[in-house]
Student: 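Mind looking over this structure? Questions follow.
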Amino acid sequence: MTWQAPPDVRRIRAVQRRLRRQQGPFEGKLRLPPVDELVATVLSQHTSDVNSARAFASLKRRFPSWEEVADAPTAEVAAAIRAGGIANQKAPRIQRILAEIERREGGIDLGALEPLADSEVEAYLTSLPGVGPKTAACVLVFSMGRAAFPIDTHVHRVTARLGWIPPGATAERAHQILGGLVPADIRYDLHVALVTHGRTVCKAQRPRCRSCVLLDLCPFGRATTRAGRG
Ligand code: SF4
């Protein structure tokens with residue numbers, strides 16, 4: 001399949017409407033302060049929601065403040081987040097981020113971002129060590145109520161199959177293409193809808209194309225069903 005161009009806005013809105021109709025009313029995530037959301041997003045990488053929530057709760061129980069997490073021996077932080085997987089990588093990463101915030105802000109708090117424009121918040125967050133566009137978008141949308149569109153593994157896979165991004169596009173490239181293309185008023189909603197769709201219907205292995213409400217809008221699904229798969 002050759003990629004021609006990003007979809008027009010009507011097509012994006014049609015996907016959001018159909019998924020919302022199928023999945024029921026939109027529900028946002030519990031809103032956390034920006035530093036909490038930043039740490040929670042790091043913990044969510046390469047693990048399930050259940051395990052990352054467990055790791056986050058354990059970290060908060062073990063250390064009453066972010067300053068204490070930053071100052072603790074890395075092995076103790078890793079022990080506290082063990083439930084979230086790859087703890088020996090995530091612990092030093094979290095500590096580096098917290099230390100850098102403390103260095104810049106004089107404390108571990110991101111309240112100073114509140115008056116900034118979305119693009120300035122994104123620039124600040126992605127300048128922190130190991131923070132990429134997806135993590136920054138999660139903080140923007142889930143914590144600060146801004147109109148961002150995080151590209152996680154499900155959004156990346158489903159939008160690639162829908163032909164919204166070129167084949168083989170990296171998550172960064174997808175972020176560049178879709179960040180400005182998805183209308184601001186449906187970014188959060190569509191992100192949540194695509195994640196649910198990716199988990200339940202458009203799975204990585206054996207997507208259920210024949211029963212998918214997006215089949216007529218999806219080049220991958222049409223090719224798959226024509227070939228007798230899916
Ligand atoms: S038709 Fe298939 S590939 Fe396309 S969105 Fe639906 S499940 Fe995914």
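For ligands, and for the atoms within them, numbers begin at 1 and follow the listed sequence.
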Student: Quick check: does Cys218 have an N/O/S atom under 2.8 Å of atom 6 (Fe) of ligand 1?
Tutor: no
Student: Do the rings of Phe149 and His191 sit parallel, tilted or perpendicular, given the 30° and 60° boundaries?
Tutor: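 The arrangement is perpendicular - the two ring planes meet at more than 60°.
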Student: Run the numbers for me: atoms of ligand 1, each under 4.0 Å from some heavy atom of Arg161, listed by number.
Tutor: 3 (S)
Student: With a cut-off of 4.0 Å, which atoms of ligand 1 are near a heavy atom of Cys202?
Tutor: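 Going through ligand 1 atom by atom, the ones under 4.0 Å from Cys202 are 3 (S), 5 (S), 7 (S), 8 (Fe).
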Student: With a cut-off of 4.0 Å, which atoms of ligand 1 are near a heavy atom of Cys212?
Tutor: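 Those atoms are 1 (S), 5 (S), 6 (Fe), 7 (S).
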Student: State whether Lys29 and Glu37 are salt-bridged, where the test is any N-O pair (Lys NZ or Arg NE/NH1/NH2 against Asp/Glu carboxylate O) under 4.0 Å.
Tutor: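 Counted as a salt bridge, because a side-chain N and a carboxylate O are separated by less than 4.0 Å.
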Student: Give the atoms of ligand 1, by number and element, whose distance to some non-hydrogen atom of His197 is under 4.0 Å.
Tutor: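 With His197 as reference, the close atoms of ligand 1 come out as 5 (S), 6 (Fe).
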Student: Any chance the side chains of Arg93 and Gln45 put a donor and an acceptor closer than 3.5 Å?
Tutor: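 There is such a pair (donor and acceptor under 3.5 Å, judged by atom type) between the side chains of Arg93 and Gln45.
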Student: Quick test: of every protein heavy atom, which one is nearest to atom 2 (Fe) of ligand 1, and how far off is it to 0.1 Å?
Tutor: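 Result: Cys209 SG, 2.4 Å.
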Student: Look at Asp8 together with Arg13 and state whether they make a salt bridge at an N to O cut-off of under 4.0 Å.
Tutor: no
Student: Could Arg18 and Asp216 be called an ion pair, given the rule that one side-chain N must be under 4.0 Å from one carboxylate O?
Tutor: yes
Student: With a cut-off of under 6.0 Å to the ring centre and 45° to the axis, is Arg104 in cation-pi contact with Tyr124?
Tutor: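 Yes, Arg104 lies over the aromatic ring of Tyr124.
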Student: What's the shortest distance from atom 3 (S) of ligand 1 to any protein heavy atom, and which residue and atom give it?
Tutor: Phe220 CD2, 3.3 Å
